[in-house]
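We count ligands from 1, going down the list as the structure has it; atoms in each ligand are counted the same way.
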Amino acid sequence: MTRRPFNFSAGPAALPEEVLQQVAREMLDWHGSGMSVMEMSHRGKEFIAICEQAEADLRELLAVPSHFRILFMQGGGLAENAIVPLNLSRGGQVDFVVTGSWSRKSAQEARRYADVHIAADASLSGAGAIPSPASWTLRPGTSYVHLCSNETIDGLEFHALPDLRALGCDAPLVIDFSSHVLSRPVDWSRVGLAFGGAQKNIGPAGLTLVIVREDLLGRALPICPSAFDYKTVAEAQSMYNTPPTFSIYVAGLVFQWLKRFEYGGQRGLAAIEQRNLDKATLLYDALDRSAVFENRVARECRSRMNVPFFLRGAHDTPALHQAFLDEARDRQLLQLKGHKSVGGMRASIYNAMSLDGVHALVDFLKDFETRHG
Ligand SMILES: *Cc1c(COP(=O)(O)O)cnc(C)c1O
């Protein structure tokens, strides 16, 4: 088979080729069961084994402590924007740290269920930087504090999670880690709940991951749908209703791929984190040295996963932008168009993107600059 194109989609995004090949091999007959995973009862022993293995592998990879529950849900990040306040707000105060499009959207949705306060807003403090936690105006009575730990559209990432207790706040921290889950470790001592859709860095769309501290279960508002009540879902081992079985299966294969992943003398999450760092450094260095392209995010909060970039100054014309995308596609570099709300270009370089893929992109950036700069 010839090499597949490099796919820089923000999501649904590229999956490891090895995993896709394994899915293909097992498509018609999973481990001699005579069934595709798609055709299995979610309550049968085959699927229960798949699901338990996926959960155990995820717990190991992300070092999730035993007082956290792992829930496999549906509805994506956008549904969680409602499900979190339904479960944790008690109809009272919730504080949001807005660093880009996704956290802004989360705050907007929560207003339907809770008294929302914007404790910090990156767009007010000059573009492209995360306001220092010391400047956040957290309220004493807040039920939780929400932030998006990697802003997929704006390309901002928290490289350390805030210590709310050090800021005088006892409330749990909720993080939307949709677009960088499993790209690096999580400091669970600072987190009450983390959620994310699978389609960026885990597997196929349809699965939503929720990791929640046990003491936060059982607080849902009466209007919360049962299928979205974390306590109900936890008690039913994520099988209160039919879970997204095929997505869980593929996610499980991705977890196994990550566990055996080797790079730079390391293995597992440490190895993938190192490769992610190397990929991001390679790409940002090329952009910073370019006379034609630029990234506009402050260095200390640049995302390792999503790299928005723009044509500089006089180069920023619709014709050159289109030429870039057309030539990229001809070179098998796919889905580099920026999100429509910000324009420009964006390279999403999730776990499944190889170093070769980023080298190919950087070579193209240099070549494009030679011809059009
Ligand atoms: C993609 C994304 C979402 C939305 O996810 P859906 O699955 O489409 O609901 C939410 N938050 C972040 C950070 C995202 O990247």
Side-chain angles (χ1 to χ4, degrees), residues 7-15 62 71-88 94 96-112 116 120-123 130 144-159 161 173-184 186 191 193-212 225 227-228 243-244 246-248 250-251 254 276 280 297 301-308 335 337-342 346-353:
N7 179 358
F8 294 91
S9 171
L15 284 165
L62 268 187
L71 310 180
F72 294 137
M73 298 182 68
Q74 298 178 73
L78 285 185
E80 288 303 322
N81 287 342
I83 297 169
V84 173
L86 280 166
N87 275 275
L88 301 188
V94 293
F96 282 76
V97 176
V98 173
T99 53
S101 312
W102 287 113
S103 44
R104 189 174 305 284
K105 233 177 187 158
S106 300
Q108 203 53 39
E109 181 74 4
R111 285 182 206 281
R112 300 159 67 109
V116 167
D121 187 338
S123 67
I130 294 175
Y144 64 87
V145 178
H146 175 116
L147 61 82
C148 176
S149 47
N150 184 62
E151 286 282 1
T152 322
I153 294 172
D154 308 83
L156 271 75
E157 181 171 8
F158 279 83
H159 293 296
L161 292 174
L173 179 67
V174 170
I175 63 169
D176 173 357
F177 66 173
S178 295
S179 51
H180 72 163
V181 54
L182 284 170
S183 69
R184 59 190 303 157
V186 174
V191 172
L193 182 146
F195 70 82
Q199 70 272 23
K200 315 274 166 67
N201 219 4
I202 293 183
L207 166 65
T208 313
L209 179 64
V210 175
I211 304 183
V212 55
F228 292 155
F246 196 74
S247 297
I248 291 171
V250 180
V254 172
N276 287 333
V297 176
C301 47
R302 284 175 167 179
S303 169
R304 294 176 187 171
M305 297 280 101
N306 308 99
V307 184
Q335 311 214 55
K337 191 177 171 142
H339 190 272
K340 61 183 185 302
S341 65
V342 293
R346 172 174 53 172
S348 294
I349 49 175
Y350 298 121
N351 285 349
M353 176 59 64

Peer 1: With no hydrogens and no angle check, is any side-chain donor or acceptor of Arg302 less than 3.5 Å from a backbone partner on Val297?
Peer 2: yes

Peer 1: Is it the case that the side chain of Gln335 and the backbone of Ala10 share a donor-acceptor pair, with hydrogens and angles ignored and the cut-off at 3.5 Å?
Peer 2: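 Looks like no, no N/O pair under 3.5 Å.
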
Peer 1: Would you confirm whether Asn351, through its side chain, and Leu182, through its main-chain N or O, come within 3.5 Å as a donor-acceptor pair?
Peer 2: yes

Peer 1: Identify, by atom number and element, the atoms of ligand 1 in contact range of Ser179, meaning under 4.0 Å from any of its heavy atoms.
Peer 2: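 What qualifies from ligand 1 is 15 (O).
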
Peer 1: Show which atoms of ligand 1 fall inside a sub-4.0 Å distance from at least one heavy-atom site of Gly76.
Peer 2: 7 (O), 9 (O)

Peer 1: Fit a plane to each ring of His146 and Phe195, take the angle between them on a 0 to 90° scale, and name the class: parallel (under 30°), tilted (30 to 60°) or perpendicular (over 60°).
Peer 2: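 Correct class here is tilted.
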
Peer 1: Judged by non-hydrogen atoms, does Gln199 sit under 4.0 Å from ligand 1?
Peer 2: yes

Peer 1: Closer than 4.0 Å to some heavy atom of Cys148 - which atoms of ligand 1 meet that?
Peer 2: 13 (C)

Peer 1: For Val116 versus Ala107, what's the shortest heavy-atom pair and its separation?
Peer 2: CG2-O, 3.8 Å

Peer 1: Which residue supplies the protein heavy atom nearest to atom 2 (C) of ligand 1, what is that atom called, and how far is it?
Peer 2: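 Result: Lys200 NZ, 2.6 Å.
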
Peer 1: Give me the residue, atom name and distance of the protein heavy atom closest to atom 10 (C) of ligand 1.
Peer 2: Trp102 CE3, 3.4 Å

Peer 1: Which residue and atom name correspond to the protein heavy atom nearest atom 9 (O) of ligand 1, and how close is it?
Peer 2: Leu78 N, 2.8 Å

Peer 1: Hey, is ligand 1 close enough to Gly77 that some N/O pair sits below 3.5 Å?
Peer 2: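 Min N/O separation from ligand 1 is below 3.5 Å for Gly77.
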
Peer 1: Give the atoms of ligand 1, by number and element, whose distance to some non-hydrogen atom of Thr152 is under 4.0 Å.
Peer 2: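 Near Thr152, the atoms of ligand 1 are 12 (C), 13 (C), 14 (C), 15 (O).
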
Peer 1: With nothing but distance in play, are any N or O atoms of Asn150 less than 3.5 Å from an N or O of ligand 1?
Peer 2: no

Peer 1: For Glu109 and Leu78, indicate whether the former's side chain and the latter's backbone hold a donor-acceptor pair under 3.5 Å.
Peer 2: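 Judged by distance alone, no pair lies under 3.5 Å.
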
Peer 1: I'd like to know if the side chain of Asn87 reaches the main chain of Phe228, judged simply by a donor and an acceptor atom lying under 3.5 Å from each other, with no hydrogens or angles considered.
Peer 2: yes

Peer 1: Counting C-beta onward and ignoring hydrogens, is there a side-chain heavy-atom pair between Ser178 and Thr152 closer than 4.5 Å?
Peer 2: no

Peer 1: In the protein, what heavy atom is nearest to atom 11 (N) of ligand 1, and what distance, to one decimal place, separates them?
Peer 2: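 Here the nearest protein heavy atom works out to Asp176 OD2, 2.7 Å.
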
